[in-house]
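Here is the structure we will look at.
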Amino acid sequence: MTEKYPEFGQIDYPRLAAEILAYWEHENIFEKSVNNRQGAHAFTFYEGPPSANGTPGIHHVMARTIKDIFCRFKTLQGYQVKRKGGWDTHGLPVELQVEKQLGITKEDIGKTISIAEYNQKCRETVMMYKDQWDDLTRKMGYWVDLKHPYITYEPAYIETLWWLLKQLYNKGLLYKGYTIQPYSPAAGTGLSSHELNLPGTYKTVKDTSVVAQFKVIRNARSEFLFQPEPAGGVFILAWTTTPWTLPSNTALAVGENIRYTVADTYNPYTHVPVRVVLASQLLTKYFSEKGANIDLAGYKPGDKVIPWKAVKEIQGSDLTGIRYEQLMPYLQPLHHAENAFQVVAGDFVTTDEGTGIVHTSPTFGADDFRVARQYNIPPLTVRDEAGNEVPVVDRKGKFVRAIGEKLKEAVEKYGIKTHRVLAADDFYVKNYTNEDESHPDYKSTDVIISIILKEENKAFRVEKYEHTYPHCWRTDKPVLYYPLDSWFIRTTALKDRMAELNRTINWKPESTGTGRFGNWLENLVDWNLSRSRYWGTPLPVWRTADGREEKCIGSIDELREEVNKAIAAGIENPNPDLLLRENLHQLDLHRPYVDEWVLVSETGKPMYRESDLVDVWFDSGAMPYAQWGLNPGLLAQNHSQPFNEGWNGAFPADFISEGVDQTRGWFFTLHALAVLLFDSVAFKNVVSTGLLLDKDGNKMSKRLGNVINPFETLEKYGPDAVRWYMIENAPPWENLRFNLAGVEEVQRKFFGTLFNTYSFFALYANIDGYIKDELNNSSPEALTLLDRWILSRLQELITTVTRAYNEYEPTRAVRAIQEFVCDHLSNWYVRLNRKRFWQPATRGELSADKKAAYDTLFNCLAVTAQLMSPVAPFMAEWLYKNLTDNIRQKAKAHNTPLRFESVHLTTLVQPEAQYRDEELEKSMDYAQRICSMVHALRKSSKIKVRTPLHRILLPVTDDRFAARVRMVENIIKAEVNVKTVEYLDDASGLLIKKAKPNFARLGKMYGARVKDVSAVIQGLSHQEIVQLEKSGSLKKHGFELTPDDLIVSTEDIPGWLVASENQLTVALDVTLTQELKQEGLARDFVNRIQNLRKDMGFAVLDKIAIEVDRKSLANGDGALLMDALNHYNEYIRTETQALSLEICEGLAHAMPVQLDNLVLNINIKLCS
RNA sequence: GGGCUUGUAGCUCAGGUGGUUAGAGCGCUACACUGAUAAUGUAGAGGUCCGUGGUUCGAGUCCACGCAGGCCCA
């Protein structure tokens, strides 16, 4: 094996990645990176399981890069980081996809297709794109265990979920109740939020809206509304766009802090005097300005303008507790009737629309339901034949008979014309029966109710109202908000504990934890667990038909026992041996099979499984436990944590990361279950990542055609550049505008520079025969100033990057590495050191100085490889292996740090304090700034850097400055090609000092008098400043100034070419002598020869002979150049590797070369 | 409607605890430099720091109210 460092003409990043990937897989580097850390502290990571029923997108590269970074970094730090992959397999998206594939709807399931067939199809579909996902995982370099993933549909996984549910059940945290949910009477089914979000669901419709008059009952509480004595009744006005809910009204909600006006006026339909209450802000909607000026008593029915008069203004809280008469007294509440028909406070009440008072019907609105429960307001319900309490609208969307009869009576009583005679069973709340709406006498139930209210002096205003309202995507009919049975997890029971434990979690960014998540926890409601679907984890609860007895099953062993009991009781069941643990892997716990088990109750009745499935978020939230499965031994002992081996030490997670949209999804379910089950957090650190948008800030979507294909992108740019760009561009929790131009830039700038730096190292190290020797590092004495400087910078880099990774701030880490490589290492250290590496005269010899240079550069590159490896694992590996493969055997033999065959197996370097030299860093900073200014001065006087100049002058205003610059004087001289640096102090008499106020200090001392004192300081003369500096204080205009009060600078030196910037001033002596010009010409000449060599394709070490045509030296500066060629003959030959430099007559094959005002004819030949 | 979040150069982003000339990279223009060369340097153009008020001697930074975008939820 060659000991040389590999050299590359150019770099092909995608190919590099492919080769490294093949190497990792062949050598099992990932497995080794985990197994090598056996016995080390564990760093636990949970993989949020993706669903493989869709193809992965570029945003998955982003999310997984974050995950990968910290797992790799913690491995470097010496932790053992196991990462079990996982697949989320249940849930609605899969079901919808299958329905689409098969061209069926939910109604067909169990009819045209059996549940068994359907679920089989789901099982196949959900892993449809697993190969693509695995492929992406590999190609982007995401290290996760794909060989032993947890899969949520597997029986062992589901069984663990059952066990967990049973724990909740036993703690009384799992219960059956109801909530108000979107429901489609036409389809006879509840609608998920997903179904409500389907395009076209929200339609603009014109509904009949009613402002109803609720008559206040006069009592002590309400007496203030009756002062002064009203002419008619006192009414609270409430607005609704669903008049059909008015018969079930049981409360009114007001905003506690909203202002309300009490006003006397007349009802526009009955013309009787009324006193009404409504939000002050909305007064103008109902009352005209004209009406305010008309005498109330003068009103006659038929008058166009209805007079009104504000009586008083009150606060919403004044109204709470007031009782009112039931608006449509058709039925009474079944229980707690004493609480019905009162005013309560609701936080959802606004004054945007309506009257600022919200009619509340607990059975038909989610807010209504919530506020009713809060104040113990009963719903208006009836008993069905079976004696169950049901709402007054049935599941077909029709009023129950008791209401229908009353409506029918009213229709007859008030002579309301309808398109056909309506029976008591005909009052559908919306047109679910396809009645002929074009019929001139067609009236919806809403309209009929409105008319009745008008007749009864209970409607203050009725009008058409246009708004958007959700419709069922299957039937196109309006949905109702309707009470539906559900199973709940009582998350509210441990709300405070959840919030408390949440405060111990490190959220990145913090606001997601305290704000988005924290606020949400405070307003938590119980977790609705039920889903009426087919492909999901079945709820393990069995009930008797009457619902009086129930059992929750926590394992298949328990189920088998219960089944055996049932069989013994004569209830037919499938073979219970199917439920033997050894058959677990082939058992199917899904529907319909799970529903075939029928149990027996204590009283001997058959028990059937509740048909609900469990919310798919329960599946993923339970992954910390279910990924391991239940351990039968521990289960039999009733162990409190009966999970298999991997569980131990892997809870809670140290780190998780997902998109911020998971806040109420996975982040919540993980947290909730951990708190409910084990009184623990589920994760200690969490990075929630932002969205990935296209380069213009739009969401990526197929419709817009702006979707970035992850495979193509990885293929084109290589994974490292994509990963690096994503992290470098913005902190991960910010939204990222993904721009391929940015990836290209990263590739060129960072990876290109790094590659060039390595190439430079390899080229010259090979020439000089340098090989890294870990046992023989250059001694500190051999290091030059620049070596010490870059090594100091390197220590700082290690510190910064380590801290950034530790704090989950990858962007900071990446930016620091990039700055180090591009600005410090490449553009300063290497550029200024080129001469040390490139010494043709001593090629092949490794002087102590050269070795120090190589050692330094090697260390910088090797450490860079390690620090960048979490983000750019491929390029880091490539770099590391190129640098170290040739010393591996020796390193292994001596057990030195570079003994590992992969950078990902190494141990993170520690910063070494003895290499840190902050003083030197400051000096170098001065050097860089001074050089920059001198370049600018040269530029403005048009003197190129090749032409040497005599000196630069530096005004010195403090001694530390001079000392710092002296340290790096040689570097400055070489960089800007000047012979000397002179320091000007006060003694020179050349300086003119100026003073600026030091506001940070003055502000604290003088406060409002800052302006005065700063004027004084700005007016100080040179002499005064010098005096102040000498004596340490100066009194002027009543201010006693000290040197700390001002910032002194020298901005000008009379008669010199000066540049000044941030208190730093440089003057350049631009006097050109013949000697200087000559030297400059010699350098120019070298440059032209080097260019020729390159153009002619000579190798770096080729020797040449140079011939210059004497005739071409006849004009212009020819004579001067001739002298230069003689005087600097040796210098020129050394630089250009020329064995000879001759001036000849009449050159035959000479090439014309431009040099200032000369055209030289030059010939160079290769010497063999 | 609520919670969270973002707004700084044409683009992508930096700008502890308030301090008086607001920076970087890319892009653009010009000129240089270079045996690392698809790199580099210097200079130039380019800014109502989203707006309006307020606090302060002093606000990109702190406060209030808006405007616009994003996410989550109603």
Side-chain angles (χ1 to χ4, degrees), chain A residues 10-11 193 347-353 366-367 509 511-520 522-523 659-665 688 690-691 693 695-699 725 728-731 733-737 739 741-742 744-750 752-753 755-764 811-812 815 818-819 822-823 826-827 830-831 834 837-838 840 931-940 942-946 975 996-1004 1006-1014 1061-1062 1086-1087 1089-1091 1093-1095 1098-1102 1135-1137:
Chain A
Q10 58 180 31
I11 194 158
S193 58
D347 53 9
F348 51 88
V349 180
T350 69
T351 53
D352 297 341
E353 294 177 307
D367 281 335
S511 61
T512 299
T514 55
R516 191 184 278 245
F517 194 68
N519 291 348
W520 188 59
E522 281 172 23
N523 298 308
V660 67
D661 51 341
Q662 294 291 319
T663 307
R664 297 178 189 192
S688 82
L691 254 68
L693 308 170
K695 64 181 166 60
D696 301 317
N698 300 309
K699 243 179 164 172
Y725 164 73
E728 188 265 345
N729 195 268
W733 37 88
E734 307 270 1
N735 290 349
L736 173 64
R737 296 187 175 195
N739 191 348
E744 274 174 41
E745 187 187 322
V746 156
Q747 193 177 63
R748 246 201 351 261
K749 199 165 152 47
F750 175 67
T753 305
F755 170 72
N756 282 336
T757 308
Y758 167 75
S759 297
F760 178 88
F761 167 81
L763 178 68
Y764 294 115
T811 305
R812 283 189 202 160
R815 285 178 179 171
Q818 192 160 299
E819 190 192 351
C822 294
D823 297 345
S826 171
N827 281 331
V830 171
R831 193 159 57 82
R834 250 177 278 169
F837 294 100
W838 173 233
C931 289
S932 168
M933 284 194 281
V934 173
H935 277 130
L937 289 172
R938 277 181 169 276
K939 149 96 181 156
S940 67
K942 294 193 178 1
I943 301 171
K944 50 188 158 189
V945 180
R946 280 197 213 98
E975 174 67 6
K996 279 185 178 177
N998 180 4
F999 281 102
R1001 184 179 152 84
L1002 295 171
K1004 285 187 189 98
Y1006 293 103
R1009 287 161 69 216
V1010 153
K1011 273 184 184 156
D1012 301 331
V1013 71
S1014 65
E1061 193 181 278
N1062 284 334
V1086 167
N1087 164 252
I1089 299 298
Q1090 301 287 37
N1091 286 346
R1093 285 183 60 115
K1094 200 163 81 177
D1095 292 346
F1098 292 170
V1100 173
L1101 294 176
D1102 287 344
E1135 287 294 313
T1136 60
Q1137 304 225 60

Whole-Å distance, A:Glu728 CD to B:U12 C1', equals 9 Å
inquiry  = Can you check the distance between B:A24 and B:C63, where both ends of the measurement are the C1' atom (answer in whole Å)?
reply    = 30 Å
Whichever of A:Lys749 and A:Leu763 has the more 5' nearest nucleotide on RNA chain B, that residue is A:Lys749
Between CD of A:Glu745 and C1' of B:A39 the distance, given in whole Å, is 14 Å
In whole angstrom, give me the gap between the P atoms of B:G46 and B:U56. 36 Å
Original post:
Can you tell me how far C1' in B:U61 sits from the matching atom in B:G19, rounded to whole Å?
Top reply: 11 Å
Would you find a donor on one side and an acceptor on the other, under 3.5 Å apart, between the side chain of A:Arg815 and the backbone of A:Glu728? yes
In Watson-Crick or G-U wobble terms, with both distances under 3.5 Å, the base opposite B:G23 is B:C13
If pairing means Watson-Crick or G-U wobble with both distances under 3.5 Å, then the partner of B:U40 is B:A32
When rounded to the nearest 0.5 Å, the distance separating CZ of A:Phe761 from OG1 of A:Thr757 is 11.5 Å
dist A:Tyr758:OH -> A:Leu763:CG (nearest 0.5 Å) comes out at 10.5 Å
(request) Dump the intermediate steps for side chain to side chain contact (heavy atoms under 4.5 Å, CB included) on A:Asn729 and A:Leu736, then the final yes or no. (result) CA-CA 8 Å; A:Asn729 195 268; A:Leu736 173 64; 3.4 Å; yes
> Can you tell me if the side-chain N/O atoms of A:Ser932 get under 4.0 Å from OP1 or OP2 in B:U42?
Replying inline: yes
Under a 3.5 Å limit on both distances, the Watson-Crick or wobble mate of B:U61 is none
In B/S/- notation (B base, S sugar-phosphate only, - none; protein heavy atoms under 4.0 Å), nucleotides 69-74 of chain B written 5' to 3' is -BBSS-
Is there a donor-acceptor pair under 3.5 Å between the side chain of A:Asn827 and the backbone N or O of A:Cys822?
yes
* Taking the side chain as every heavy atom from C-beta outward, state whether A:Glu745 and A:Tyr725 have any pair of such atoms under 4.5 Å apart. => no
In short, A:Leu691 meets A:Asn735 closest at the heavy-atom pair N-OD1, 2.9 Å
Answer for the Watson-Crick or wobble partner of B:G1, both distances under 3.5 Å, is B:C73
Please give the distance between the P atoms of B:U29 and B:G69 as a whole number of Å. 35 Å
query: Taking N and O atoms by type only, does the side chain of A:Ser826 place a donor or acceptor under 3.5 Å from a partner on the base of B:A39?
result: no
| Side-chain donor or acceptor of A:Arg831 paired with backbone N/O of A:Ser826 under 3.5 Å | no
Taken to the nearest whole Å, OH/A:Tyr725 to C1'/B:U12 is 7 Å
Rounded to whole Å, CE of A:Met933 lies from P of B:A43 at a distance of 10 Å
Taking for A:Asn1087 and for A:Ser511 the nucleotide of RNA chain B with the nearest heavy atom, the one nearer the 5' end belongs to A:Ser511
Taken to the nearest whole Å, CG/A:Leu736 to C1'/B:U12 is 10 Å
Whole-Å distance, A:Asp823 CG to B:A14 C1', equals 14 Å
In this structure, CG of A:Leu693 is separated from CG of A:Asn739 (nearest 0.5 Å) by 12.0 Å
Mind checking the P distance from B:U21 to B:U6? Whole angstroms is fine. 29 Å
(request) Please state whether the phosphate of B:A36, meaning OP1 or OP2, lies under 4.0 angstrom from any side-chain nitrogen or oxygen of A:Arg834. (result) yes
Considering only heavy side-chain atoms of A:Tyr764, the closest of B:A14, B:A36, B:U42 is B:A36
Between CD of A:Glu734 and P of B:C4 the distance, given in whole Å, is 17 Å
Test side chain to side chain contact (heavy atoms under 4.5 Å, CB included) on A:Phe760 and A:Val830 and set out the steps.
CA-CA 9 Å; A:Phe760 178 88; A:Val830 171; 3.7 Å; yes
Counting primed atoms, P, OP1 and OP2 as sugar-phosphate and everything else as base, the B/S/- map of nucleotides 63-68 of chain B against protein heavy atoms under 4.0 Å is ------
In short, A:Leu1002 meets A:Pro997 closest at the heavy-atom pair CD1-CB, 3.6 Å
B:U40 OP1/OP2 closer than 4.0 Å to side-chain N/O of A:Asn827: no
Contact class for A:Thr757 (heavy atom, under 4.0 Å): base, sugar-phosphate, or nothing? base
In whole angstroms, the gap separating P of B:A38 from CD of A:Gln747 amounts to 14 Å
